[in-house]
Amino acid sequence: MPDKPTLEGLEAKWVAAWARDDVYGFDRAAALAAPRSQTYAIDTPPPTASGSLHVGHVFSYTHTDIVARYHRMTGKHVFYPMGWDDNGLPTERRVQNFYGVRCDPSLPYDAGFTPPEKPGKDQLPISRRNFVELCEQLTAVDEAEFEKLWRQVGLSVDWGNVYRTISETSRATAQRAFLHNLARGEAYAQEAPTLWDVTFRTAVAQAELEDRERPGAYHRVAFAGPEGPVHIETTRPELLPACVALVAHPDDERYQPLFGQTVRTPLFGVEVPVVAHRLAEKDKGSGIAMICTFGDLTDVIWWRELQLPTRAIIGWDGRLLPDAPDGVPAEVYAELAGKTVFSAQQRIVELLRESGDLEGDPKPITHPVKFFEKGERPLEIVTTRQWYIRNGGRDADLRAALVARGREIQWVPEHMRHRYENWVEGLNGDWLISRQRFFGVPFPVWYRLDDAGEPVFDEPILAPESALPVDPSSDVPEGFTEDQRGVPGGFAADPDVMDTWATSSLSPQVASGWDTDPELFGHVFPMDLRPQAHDIIRTWLFSTVVRAHYEQGQVPWTHAAISGFVVDPDRKKMSKSKGNATTPIDVLEKYGTDAVRWRAAGARPGADSPFDEVQMKVGRRLAIKLLNVGKFVLGSIGATADLVGTPVSEPVDAALLTRLREVVAEATAAMEAYNYTRALEVTETFFWQFCDDHVELVKTRAYGEDGGPAEGATSAKAGLATALSVLNRLLAPVLPFATEEVWSWWRTGSVHRAPWPTVEELPAGGDAALVGVAAEALAAVRKAKSEAKVSMRAPVESAVVHAPADQVALVEAVRRDLVAAGIISTLTVEPGEGPLTVDVVLAPAAEA
RNA sequence: GGGCGCGUAGCUCAGCGGUAGAGCUCUCGCCUUACAAGCGAGCGGUCGCAGGUUCGAACCCUGCCGCGCCCA
């Protein structure tokens, strides 16, 4: 035990010791030999390896760690893996920026390639394989940094069980699950209009959309009707060549005469029908709108339900296609071809003005526009061939089944269930899982090429499961040779990769060994806990439920614990992109890990909490206090381990331990309910009362200096030792470092493997009410001294306690300690009316 | 527009039918054989507003107002 205990250095010391002693390893054999209820399995969120961790991450991962530590102390085998989400677009972006390269799949692999020292002005095109290698290299570096931070945070994960979403196992798992989905008809490919990000040149899923308010303008444009002009108002006049119909509401009397007739588009003179549909809004603009292929998702619905032709004009790059669509005069379209959407709009507006078909000036408005959440340009809709997994967006029965799955999960807090149900019930399409990107899990699919070299999509060639994982762009399907790749009569790889969520939605399967250790998987799945933040309920949580529903016919976990965000003083979510993120490492070093964890524990599940450095000091103070009281009880007072649990003879000691039974019961119930905040609160409140009142009351007796019978000293020491042992363990999940330090001074083994305290290990014979009465009496004496502005060591000549009749005996019970702690010469106890009061007469020497 | 959550002391939050709580801040004290990075005491609130139910309402019900998040 050090002379002057401090928090500094505890992290380094214990992180190393825990690793050396494998304190947090998962004992597979022992777990499998025990009943399932003795295992606690956690589906840890794999952080985005290419991202950066901020204080918000530290908080939420700490929440999970507190739960894990609690369950470990109750004797369970805690299955607590860590994952890194390194596959996907964020990594591609980081590699592009870090090395100044871009992926050009048409280039050959360069075995001797080394990336530039510094990114150049222009991005250097490199082959897909070289690009993927850079992704692998950089994520490995990033992941090592993450692990270091997590160890410093004290996460008790099993570092022998770390997975990566791009690893061979993850790729095989994702491909196998996909093949199963395909075989069962749960996955399919379809050529369909798709929301498309023109910057990243990839399709995006509904879950990745967000609406952003953007300025726009209504352009009032005249179409030539049978009996004069028909005016529509549109924010996207550049889509005029893509117009296939006009639409109004069936009840709209203004346009009923036009239904079934045709009108001619301005500039292009294309005949388009006027149709009726319930989704047309009478009070929006002129009440009649043009349907284009495609301007927005409503256009897609109209196009599909009304069986309209397709006149696509926007290409993958967001520019107008080189050729006019069928039926649109090429000569008029020619000068628009190749323009961006923005410049095409400008030109069309000029042309409409010249032709007189634009009425008045455009009316500026602000309206919501759909964006890819990671994108900076509005999404377009292009028709492409994509892979989907059915998620209920087009099937009410499936939707209901998935809602029912959500009800099998216990949500913490309960109201987060609504987020899930809202999302599932609002789905309007299946889950688009293919991405036109490079660093991801490829689809294990090839296509035969016909004599014209066109892929035969109807008959995909699937990789055999025994061969997984495969890379169809380098592996060759059975019955073909590499020289047949890309030639007529040969074969071609499916060029796409799966979206990251399509792999991370299998995190329970990946982490639990579905593909590698069926025995383990059978034991730990469904897992006990999915911890995550509320922003990804619609993505990660939902997609994981979908995959387990299909593959295992079960929910993937029994509980979902949803953390809130750490927000800045303006209540904005902390995030790197907003520039308000606090780097965790500085805070951890300034206040110590335990202090930061203490603050994290103060954020209840689901509740956002503001980042406030002042609060860190409070946690730090608690951790220091624990070191100090430990040193005092074990050092100065000389309590020893063999006294833990030995009988106490003094009522004050018995009362303390009986009161502690209530604390243990309440803290345990709270932990079982995932309410670590409440567990800490009751423990902490008791802990400070223990330090400030109980220790102060009994220390003279414990020293054997109060002149009373000698058993009193033994009783005091036994009470202190027992309480310290219990408090040490109750605080261990939140303050792993300080508690381990104190534990090491007098016990063997790690406190984190010690049994969680139970009510049974504490005596029931005391009167818990005595704790409060003793504190009240002591406080009254202290108040007298404080008001007299004298030291707490000032002697008291006489004190007269007026106690309610039913408390007189309790005051008598604490007499011995009260006299010693208050340095009271004569203590009288009298029954009185009202609350307990003490008349204090200070000894003359003490008065000023 | 729909859903969910939240409005309690200057700040952060408990309490969710029976006399308004904690921590921080602030003020005033105190070297007390663990801790001055400490200890003691004190100041501070018509519990968002308005109705209703009840013997009794921060707490239950209704309606407003404000804030946040999710979804359109």
Side-chain angles (χ1 to χ4, degrees), chain A residues 1-8 206-207 209-211 297-298 368 370 411 413-428 533-539 562 564-565 567 569-573 591-592 595 598-599 602-604 606-639 670 675 677-678 680-682 684-685 688-689 691-693 695-696 699-700 702-703 705 720 724 742 778-795 821-823 835 846 848:
Chain A
M1 189 191 309
D3 287 345
K4 186 98 179 153
T6 117
L7 297 178
E8 271 58 55
Q206 185 184 348
L209 305 183
E210 62 185 37
D211 284 348
L297 292 172
T298 315
K370 294 214 180 301
W411 296 76
E414 175 61 31
H415 68 80
M416 286 296 173
R417 177 193 309 280
H418 297 287
R419 292 275 187 97
Y420 174 88
E421 295 191 359
N422 264 3
W423 175 252
V424 177
E425 285 163 359
L427 287 168
N428 55 31
H534 53 72
D535 55 336
I536 52 175
I537 289 174
R538 65 177 181 169
T539 48
I562 309 298
F565 293 141
V567 295
D570 298 327
R571 298 261 160 193
K572 295 288 179 227
K573 180 193 172 187
Y591 299 101
W598 176 89
R599 178 65 192 90
R604 311 181 99 79
D608 291 349
S609 79
F611 179 75
D612 178 2
E613 279 205 38
V614 175
Q615 294 292 324
M616 305 290 172
K617 293 183 189 159
V618 183
R620 181 176 172 81
R621 187 148 41 194
L622 175 67
I624 292 172
K625 190 74 172 178
L626 178 68
L627 296 179
N628 280 318
V629 80
K631 176 191 154 200
F632 183 58
V633 168
L634 301 170
S636 310
I637 288 180
N675 195 345
T677 306
R678 176 70 188 153
L680 172 62
E681 186 186 348
V682 298
E684 196 181 348
T685 301
W688 285 107
Q689 288 167 348
C691 291
D692 295 343
D693 295 340
V695 171
E696 292 298 324
K699 68 183 182 186
T700 313
Y703 280 130
E705 292 175 358
L720 290 170
L724 182 65
V742 173
L778 182 60
V781 175
R782 284 171 170 165
K783 179 169 178 172
K785 293 184 183 180
S786 193
E787 283 176 351
K789 302 192 177 183
V790 298
S791 157
M792 290 296 137
R793 297 298 300 159
I823 315 173

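In this text, all values refer to a predicted model and were calculated from it rather than measured experimentally. Order of the sequence lines fixes the chain letters, A, B, ..., with proteins taken first and strands second; residue numbering starts at 1 for each chain.
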query = Side chain of A/Glu684, base of B/A22: donor and acceptor closer than 3.5 Å?
reply = no
key: Nearest-neighbour nucleotide for the A/Glu705 side chain, B/C69, B/U33, B/A72 considered   = B/U33
query = If you look at every strand shown and take non-hydrogen atoms under 4.0 Å, does A/Arg538 touch a base, only sugar-phosphate, or nothing?
reply = sugar-phosphate
message = Of the options B/A72, B/A14, B/G40, whose atoms approach the side-chain atoms of A/Met792 most closely?
response = B/G40
message = What's the gap between B/G44 and B/A22 when it is taken at their P atoms, as a whole Å value?
response = 13 Å
request  = Check every strand shown and say whether A/Val614 touches a base, only sugar-phosphate, or nothing at a heavy-atom separation below 4.0 Å.
outcome  = sugar-phosphate
task = Mind calculating the distance between CH2 (A/Trp423) and C1' (B/C69) to the nearest angstrom?
result = 15 Å
query = Side chain of A/Lys625: nearest nucleotide among B/C69, B/G3, B/A34?
reply = B/A34
task = Please tell me which of the listed nucleotides, B/G40, B/A14, B/G3, lies nearest to the side chain of A/His418?
result = B/G3
query = Of all the nucleotides listed (B/G23, B/A37, B/A34), which has the minimum atom distance to the side chain of A/Val618?
reply = B/G23
task = Please determine, for the side chain of A/Cys691, which listed nucleotide (B/G2, B/A34, B/C69) has the closest atom?
result = B/A34
message = Measuring only the P atom in each nucleotide, how far is B/G7 from B/C47? A whole number of Å is fine.
response = 14 Å
message = Just to be sure I understand the rule, does A/Trp598 reach a base, reach only the sugar-phosphate, or reach nothing, if contact means heavy atoms closer than 4.0 Å?
response = nothing
key: Pairs satisfying salt bridge (charged side-chain N to carboxylate O under 4.0 Å, His left out), at least one member in residues 611-623 of chain A, at least two apart   = A/Glu8-A/Arg620, A/Lys590-A/Glu613
query = Checking all strands, does A/Asp608 fall into the base, sugar-phosphate, or nothing category for heavy-atom contacts under 4.0 angstrom?
reply = sugar-phosphate
task = Give the nucleotide from the list B/A37, B/A41, B/C70 with an atom nearest to the side chain of A/Ala779.
result = B/A41
ask   = How would you label the contact of A/Lys4 with the nucleic acid (heavy atoms, under 4.0 Å): base, sugar-phosphate, or nothing?
value = sugar-phosphate
ask   = B/C26 and B/G68: how far apart are their C1' atoms, nearest whole angstrom?
value = 30 Å
ask   = B/G5, B/A34, B/C13: which one has an atom nearest the side-chain heavy atoms of A/Val629?
value = B/A34
task = Between B/A50 and B/A58, how far apart are the C1' atoms? Round to whole Å, please.
result = 16 Å
key: Whole angstrom value for the distance that separates P of B/A41 from CD of A/Glu696   = 11 Å
request  = Check every atom of B/A14, B/G40, B/A34 against the side chain of A/Lys699 and return the nucleotide holding the closest atom.
outcome  = B/A34
request  = Give each stem of RNA chain B as a range with a range, requiring at least 3 consecutive Watson-Crick or G-U wobble pairs whose two distances are under 3.5 Å.
outcome  = B:1-7 with B:65-71, B:10-13 with B:21-24, B:26-30 with B:38-42, B:48-52 with B:60-64
